[in-house]
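Take a look at the structure set out below.
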Number of protein chains: 2
Amino acid sequence: MKQKIDIEKLLKERGFKLTKQRIEVFNEILRKRGHFEIEDIVHFLRKKNLKASRATVYRTLNILKEIGLLKEVIKFGNKTYYEVGTKDHHDHLICLNCGKFIEFHNDEIEKIQERICNEFNFKPVYHRLEIYGICEDCLNREDDSKSGDKIPG
Amino acid sequence: MKQKIDIEKLLKERGFKLTKQRIEVFNEILRKRGHFEIEDIVHFLRKKNLKASRATVYRTLNILKEIGLLKEVIKFGNKTYYEVGTKDHHDHLICLNCGKFIEFHNDEIEKIQERICNEFNFKPVYHRLEIYGICEDCLNREDDSKSGDKIPG
DNA sequence: GTACATGCAAACCTTTTGCAGTTCC
DNA sequence: GGAACTGCAAAAGGTTTGCATGTAC
């Protein structure tokens, strides 16, 4: 674990209290590191017999978003996917077959985006680039047998 | 109206029937040309006293998506926004203040995306690039008075 | 005539909220 | 002690579905 995030400080700075539930939700998010959806967190807590209601998980995630520890990245199939927001900015390749999220970053694209915004006198705040398709693993697997679509989860 | 789309042919080719409701929904979409959400269609039909239930509108939009006349473009604030799918591919600047969608297209970005996909042995199917920020009009208006956030609609 | 489409209402899913009881500081 | 937080259950969107009825072909 390279970076140590002082969740207590971050919460208290903004007048939020440090509660058992918030700590558990936060630990689980850090443990995941990758992309996840709300139900992942809810189920994990259930399994570990830690109690935090679904409502609390939602409320906690919203707070974490507010203090910048969490990003709401992708809306796909009526679900919202999150990731830890302390990483550097990047975009995503999303596999339509297995639901995998692959991260990439490209400076050229970012530069061109800036240029486009200038052309339109548009002040950018954030952006989202998602490329949907079939990942390497699934392409290889397709050689053997055809498989149906899946929704990421 | 430059292009004439033969909705009857497109539907029948795939074994769909040509019904009053489908024609009305389709006409309204063509009339709009820009971006819209389901409720826009539902309300319009109500106002014109044309009857197509909300369920039928949903079902019709899904069929139109299937036959490629419609694209589901953007998920924002738990809503789905659509646009006519016969236009050339383009991406979007989205104003966080007034909800305006501005279209742009950039070949360089598309090329770079291809390159990235190659690097990852990823077979792209479609992509989505959305830049969120403040549009020119809203920036100008901000000089006079500060205004709160709005959700596009 | 019959397979398919529609309307309605109910169901579903994700997310938010009101409120009474609990916890943190 | 009191403001903030939690859990629950209910509500609130958006979207889908089951079923009886209606319609295109």
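On a predicted model such as this, the values are computed, not experimentally measured, just so you know. Letters A, B, ... are given to chains in the order of the sequence lines, protein chains preceding strands, and every chain is numbered from 1.
Side-chain nitrogen and oxygen atoms of B:R54 include none within less than 4.0 Å of the OP1 or OP2 phosphate oxygen of C:dT6. Contact annotation: B:T80 side-chain N/O to D:dT15 OP1/OP2 distance is under 4.0 Å. Taking 4.0 angstrom as the limit, A:Q21 places none of its side-chain polar atoms (N or O) nearer than this to OP1 or OP2 of C:dT23. Between A:N62 and the phosphate of C:dT16, there is a side-chain N or O to OP1/OP2 separation shorter than 4.0 Å.
The side chain to side chain contact (heavy atoms under 4.5 Å, CB included) test applied to B:N118 returns no partner, not counting sequence neighbours. A:I63 pairs by the side chain to side chain contact (heavy atoms under 4.5 Å, CB included) definition with A:L11, A:F16, A:R22, not counting sequence neighbours. Remark: A:R115 pairs with A:I112, B:N106, B:E108 by the side chain to side chain contact (heavy atoms under 4.5 Å, CB included) rule, at least two apart or across chains. A search for side chain to side chain contact (heavy atoms under 4.5 Å, CB included) contacts involving B:L70 returns B:I29, B:F36, B:L61, B:L64, B:K65, B:Y82, not counting sequence neighbours. Taking B:K12 as the reference, B:E8 meet the salt bridge (Lys or Arg N to Asp or Glu O under 4.0 Å) condition, with sequence neighbours excluded. Residues satisfying the ring-ring contact (aromatic ring centres under 6.0 Å, His included) test with A:H35, not counting sequence neighbours, are A:H92, A:F101.
If you take CZ of A:R14 and P of C:dC24, they are 22 Å apart, rounded to a whole angstrom. Distance B:F76 CZ to D:dG14 C1': 16 Å, rounded to the nearest Å. Atom CD of A:E37 is separated from atom C1' of C:dC13 by 12 Å (rounded to the nearest Å). The nearest whole Å value for the distance from the CG atom in A:L61 to the C1' atom in C:dT17 is 17 Å. If you take NZ of A:K75 and P of D:dT15, they are 11 Å apart, rounded to a whole angstrom. In this structure, CD of A:E24 is placed 17 Å from C1' of D:dG7, rounded to the nearest angstrom. Distance B:Y81 OH to D:dT15 P: 10 Å, rounded to the nearest Å.
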Would you give a per-nucleotide map of nucleotides 17-24 of chain D, 5' to 3', where B means the base has a protein non-hydrogen atom under 4.0 Å away, S means only the sugar-phosphate does, and - means neither?
-> BB-----B
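Residues B:F122 and A:I102 share a closest heavy-atom pair of CD1-CD1, 4.2 Å.
Here the CG atom belonging to A:N78 is positioned 13.5 Å from the NZ atom belonging to B:K79, to the nearest 0.5 angstrom. B:L18 contributes atom CG, which lies 14.0 Å from atom NZ of B:K9 (distance to the nearest 0.5 angstrom). Note: A:H90 NE2 to A:E103 CD = 3.5 Å, rounded to the nearest 0.5 Å. To the nearest 0.5 Å, atom CG of residue B:L10 and atom CD of residue B:E66 are 12.0 Å apart.
The residue among B:F16 and B:Y82 whose nearest nucleotide of DNA chain D lies closer to the 5′ end is B:Y82.
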Check residues 129-139 of chain B and write down every donor-acceptor pair under 3.5 Å in which the side-chain atom is one partner and the other belongs to a residue at least two apart or another chain.
{"residue": "B:E130", "atom": "OE1", "partner": "B:Y132", "partner atom": "OH", "Å": "2.5"}
{"residue": "B:Y132", "atom": "OH", "partner": "A:R128", "partner atom": "NH2", "Å": "3.4"}
{"residue": "B:E136", "atom": "OE2", "partner": "A:N121", "partner atom": "ND2", "Å": "2.9"}
{"residue": "B:D137", "atom": "OD2", "partner": "B:K100", "partner atom": "NZ", "Å": "2.9"}

Distance-only criterion, 3.5 Å: show the donor-acceptor pairs between side-chain atoms of residues 41-53 of chain B and protein atoms not counting sequence neighbours.
{"residue": "B:H43", "atom": "ND1", "partner": "B:E39", "partner atom": "O", "Å": "3.2"}
{"residue": "B:S53", "atom": "OG", "partner": "B:T56", "partner atom": "N", "Å": "3.2"}
{"residue": "B:S53", "atom": "OG", "partner": "B:T56", "partner atom": "OG1", "Å": "3.1"}

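Contacts with DNA chain C (heavy atom under 4.0 Å) in residues 41-50 of chain A: none are found.
In this structure, B:E114 does not pair ionically with B:K111, as no charged nitrogen and carboxylate oxygen lie closer than 4.0 Å.
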What nitrogen or oxygen pairs link the protein and nucleotides 20-22 of chain C at under 3.5 Å?
none

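With axes fitted over five pairs at each extremity, the angle between the ends of the helix from C:dG1-D:dC25 to C:dC25-D:dG1 is 30° (10° resolution).
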